[in-house]
Amino acid sequence: MDLYSGHINRLVEELASLPGIGGKSAQRLAFYIINMPKDRVAKLTKTISDARENVHYCKVCCTLTDDEICPICANEKRDHRTIMVVENTRDLAAYEKTGKYEGVYHVLHGAISPMLGVGPGDIRLTELMHRLQTEDVDEVIVATNSSLEGETTAMYISKLIKPTGIKVTRIASGVPVGGDLEYIDEVTLLRALEGRTEL
Ligand code: ZN
């Protein structure tokens, strides 16, 4: 069905392949872009490719950063002996927004999900274990989501770390089941952190 030009069709298709963008939104965005001044379109495409080109994983905690080592890992005032394990950079940002957590992080970029075929080797666990072997760490706080995947990941991490003798804790389940950490308010996040229990 060729209602539009081939170029518009391709643009709609590309946009619709992005998460959270349905067919109608893709069409609306495509027409909006077509009508934008050319220099704004150039700026938008450059911003996208610059971000893709220049953002990489922190060599220490694996979060997304413009630098080789992210500002949190590079900050000597942070407590480097406490590592909070989160599923993604957005969860890290949620905890950072509380301004109350002084430790550092480790970003897994996912959670173990046998249903979706995501195994332990698909998330940044090797990097975490390497840190525990090479840095002085007192506590690992597992702050994965309270979804089935998050809980499975927490149990797996606990089993992995236990033999090292390092303390492993899990944030309290004041967090609604299946709730994404990034949508939870700061008070709840802090309560979950303070109420953490040893695994
Ligand atoms: Zn880092």
Side-chain angles (χ1 to χ4, degrees), residues 19 47-113 118-147 149-172 175 179-186 188-190 192-194 196 198-199:
T47 306
I48 293 172
S49 56
D50 279 357
R52 181 64 190 86
E53 205 58 50
N54 297 303
V55 174
H56 26 236
Y57 297 106
C58 168
K59 279 200 166 151
V60 181
C61 73
C62 302
T63 194
L64 294 168
T65 176
D66 291 348
D67 312 303
E68 211 158 275
I69 290 174
C70 78
I72 297 171
C73 289
N75 186 347
E76 284 174 18
K77 288 189 187 132
R78 304 287 296 226
D79 167 17
H80 290 256
R81 300 179 78 100
T82 306
I83 298 179
M84 185 194 288
V85 179
V86 290
E87 290 184 22
N88 54 54
T89 296
R90 285 164 307 174
D91 290 345
L92 178 156
Y95 268 101
E96 273 308 279
K97 264 190 236 151
T98 68
K100 296 272 165 56
Y101 174 67
E102 293 180 342
V104 291
Y105 297 90
H106 189 85
V107 183
L108 295 172
H109 295 285
I112 298 170
S113 171
V118 182
D122 299 315
I123 56 177
R124 304 293 180 117
L125 281 173
T126 316
E127 288 87 346
L128 174 64
M129 293 315 287
H130 178 74
R131 284 180 79 178
L132 300 183
Q133 280 154 11
T134 53
E135 298 170 27
D136 283 328
V137 177
D138 293 332
E139 182 182 353
V140 174
I141 304 168
V142 185
T144 50
N145 289 337
S146 53
S147 59
E149 292 79 14
E151 293 299 345
T152 308
T153 309
M155 290 319 293
Y156 189 89
I157 290 174
S158 155
K159 272 190 200 143
L160 213 55
I161 298 179
K162 272 281 164 66
T164 65
I166 296 169
K167 186 176 170 191
V168 191
T169 55
R170 175 89 176 107
I171 54 165
V175 179
D180 269 0
L181 276 184
E182 57 176 318
Y183 297 122
I184 293 158
D185 68 273
E186 295 172 17
T188 313
L189 275 184
L190 284 176
L193 180 60
E194 278 156 15
R196 67 188 185 272
E198 203 156 338
L199 280 175

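Since the structure is predicted, the reported quantities are computational estimates derived from the model, not experimental observations. Indexing begins at 1, ligand by ligand and atom by atom, following the structure's order.
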Closest approach of T63 to H109 (non-hydrogen atoms, all atoms of both residues): CA-NE2, 4.3 Å
message: Looking at every non-hydrogen atom in both residues, tell me the closest pair between C62 and H106 and how far apart they are.
response: SG-CE1, 4.0 Å
Pairs flagged by salt bridge (charged side-chain N to carboxylate O under 4.0 Å, His left out) wherever residues 72-85 is involved - sequence neighbours left out: R78-E96, R81-D138
field: For the Zn ion (ligand 1), every protein N/O/S atom that sits closer than 2.8 Å, waters excluded
entry: C58 SG, C61 SG, C70 SG, C73 SG
task: Would you check if the side chain of H80 reaches a backbone N or O of N75 as a donor-acceptor pair within less than 3.5 Å?
output: yes
- request: Please answer whether the main-chain N or O of A154 pairs with a side-chain N or O of S158 as donor and acceptor at a distance below 3.5 Å.
  value: no
message: If you apply the rule salt bridge (charged side-chain N to carboxylate O under 4.0 Å, His left out), what do you find for R196 with E139, and how did you get there?
response: CA-CA 12 Å; R196 67 188 185 272; E139 182 182 353; 2.6 Å; yes
